[in-house]
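Note that the structure is predicted; figures quoted are calculated from it, not measured. As the structure lists them, so they are numbered: ligands from 1, and atoms in each ligand from 1.
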Amino acid sequence: MPRVIRLAAAQMGATHRTDSRAKTMDRMLHLLDEASSQGAQVVLYPEIAFTTFFPRYIIHDKDELESWFEHGDVTTNPNTKPLFDRAKELHIDISVGFAEATDDGQHFNTCIYYSSHSGSILSKYRKVHLPGTFEPFDDPDAVQQLEKRYFKPGDLGFTAFRVPGLEKDEPSAGRGQPIFGMMICNDRRWAEAWRVLGLQGVEVVLCGFNTAGWAPHLWGSSPDQDPKEAEETALFHHKLVMQAHSYTNATFSISAARCGYDDGIFSLIGGSCIVDPEGKILVESKTIEDELIVADCDLDLCKQGKEKTFAFGKHRRVEHYKRITEQAGVIEPPMLGEVPDGPSQSSANGTSAQTVNGVKRKTIRILLCNPNSTKFMTDNCVEMVKPTLPPDVEVVGFTAPRPAPTAIEGSFDNVMSAAAAMRAIMPIASDFDAFLVACYSDHALIRMLREEFKQPVIGIMEASLFAARTLGGRFGIISTSARSKVMLEDSVRHYGFDAFCAGVGHCNMGVLDLESRGPDEVTKVMCDVGKELVAKGADVLTLGCAGMTMLKPAVEKAVGDSVTVIDGVLAGVHHLVGVMRMGGKTAKAGMYNSSEAGRVAREQKWY
Ligand code: CDT
């Protein structure tokens with residue numbers, strides 16, 4: 001037996017700032033009477049239906065602001081009670097949006113489902129996705145959307161609920177009472193909101209909205225965009241999301257607009273519609289005035305999608321969806337350097353290119369990991385090392401994705417960059433034979449990589465110090481800032497090389513100054529610092545930042561032939577090549593034993 005229910009959207013045209021509540025209530029009652037005369041069983045009203053859409057105004061006066069909110073129980077408060085009384089009298093269920101002030105002083109953008117059957121509120125939803133800004137735009141012509149200022153994000157989740165009293169012959173076909181879900185305006189643009197309802201078997205999604213037709217500070221191409229064209233695009237996006245998400249969750253949906261030109265100037269789109277589970281619009285509004293749309297919806301039509309194409313239990317692969325709940329913002333894939341695809345060459349020791357998964361690659365592939373997010377530094381390092389590579393060795397540059405800091409100048413940057421870099425390296429690590437951490441410090445990423453992988457890992461500071469011990473008696477480090485000098489002195493001690501250190505000098509510059517101040521100024525300072533270190537007894541100098549790589553020849557010239565200058569990137573790459581040729585791998589019997597098993601046991605494998 002079909003489960004047909006008659007659903008309606010009560011679209012509401014312009015509601016001006018100066019309109020009285022009584023006037024707006026009369027319009028709402030009129031729409032309800034019309035719904036009754038058309039036999040509608042459920043009527044959806046828009047978001048913030050009892051007043052104008054006040055979040056477009058900056059309101060400093062506390063009393064005025066509170067006057068836009070509904071306080072206490074909306075079904076008994078005199079401001080709103082008449083709507084619920086009439087719904088009960090007409091035996092029509094209603095869903096309506098309003099600005100909610102709670103007894104304990106919280107404010108939400110809310111809607112409720114009122115059951116005329118029980119004469120009570122069956123379910124409440126508080127808007128989760130609040131669009132716009134907290135602070136108003138400075139531009140006096142901007143259309144403001146200050147929902148983040150006036151409301152807290154909803155705290156009730158997307159909870160589907162059963163609605164009694166709608167079906168003629170309950171309980172019908174053993175499927176139980178209809179399953180409804182609610183969302184408000186901007187929520188409809190988020191697939192996550194729909195899917196959470198879809199996963200509860202929702203059959204009707206209700207969504208009231210106030211969507212600006214022209215708000216160039218918030219969306220659209222530019223303030224010069226033709227307002228009509230902007231409205232058409234806004235309408236297109238509205239229908240797109242209602243249709244697409246109804247289809248992918250095999251549910252009916254109803255949307256009800258507050259539309260028209262509020263205060264004669266603020267454009268809000270219409271486009272109220274009722275969509276079926278195939279994503280087809282059954283009925284849509286034709287005006288931007290008060291208008292009722294009605295459709296008969298056979299909820300059994302949801303079955304096809306729920307049992308075939310979108311049979312979630314059969315087809316969803318939740319193991320691949322973790323990012324959706326664990327990550328809000330975007331983490332881009334790492335920026336990899338160019339992978340040369342020229343003909344394979346034979347190496348000095350007889351090794352040559354090998355084929356992995358049908359892709360030709362060099363025998364030794366080193367991932368040069370720049371843990372900061374400044375790509376030109378990575379590119380400079382790769383460029384500098386390229387001419388020195390044996391034919392079977394390839395160095396691929398990796399730049400940590402945001403939110404890694406653009407420069408690493410202290411412990412905070414160190415840890416934040418290590419976390420961002422490690423998350424991005426984990427999925428690609430197996431493609432590389434060794435890792436070079438291109439930050440001149442005792443960087444956390446070095447130990448993280450050693451713990452998690454067998455491939456050899458070295459940092460450019462460690463590599464410089466090993467080379468310096470091999471090539472001279474005392475070394476000096478040319479570092480960037482005064483703080484870096486102190487940190488590197490500590491690291492030298494940590495690495496156990498302090499007995500061989502003639503000193504650490506600094507250029508009084510930040511990491512990014514090395515680029516922004518220009519090569520002449522930077523070279524001069526670096527050469528001066530280098531000479532001071534030589535005067536203190538250093539016969540080897542190391543460049544204390546990956547960003548100094550390109551200036552090695554200038555420092556060499558300044559200190560003369562008898563002093564050796566070491567760049568950590570070169571030292572690191574060739575150290576790794578040597579270790580690889582020895583068949584070396586990271587030992588796992590001690591401190592570099594991975595703690596992954598423990599994380600899995602604690603359910604903390606979150607990367
Ligand atoms: N009310 C609401 O959520 N409106 C937003 C537009 C905000 S930006 C102009 C919407 O998504 O329709």
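- Side-chain rings of Phe161 and Tyr113 approach one another, their centers coming within less than 6.0 Å.
- The ring pair (Phe, Tyr, Trp, His ring centres under 6.0 Å) contacts involving residues 5-48 comprise nothing, where partners must be two or more places apart or lie in separate chains.
- Between the side chain of Gln200 and the backbone N or O of Ala160 there is at least one donor-acceptor pair closer than 3.5 Å.
- Contact residues of ligand 1 (protein heavy atom closer than 4.0 angstrom to a ligand atom; sorted by chain and number): Glu47, Phe53, Lys127, Pro131, Gln145, Glu147, Cys185, Asn186, Arg188, Arg189, Asn210, Thr211, Ala215, Leu218, Trp219.
- Residue pairs meeting the ring pair (Phe, Tyr, Trp, His ring centres under 6.0 Å) criterion with at least one partner in residues 201-228, sequence neighbours excluded, are Phe137-His217, Phe209-His238.
- Phe69 is linked by a ring pair (Phe, Tyr, Trp, His ring centres under 6.0 Å) to Phe54, His107, Phe151, counting only residues two or more places apart in sequence or in another chain.
- By the 6.0 Å and 45° rule, Arg162 does not stack over the aromatic ring of Phe180.
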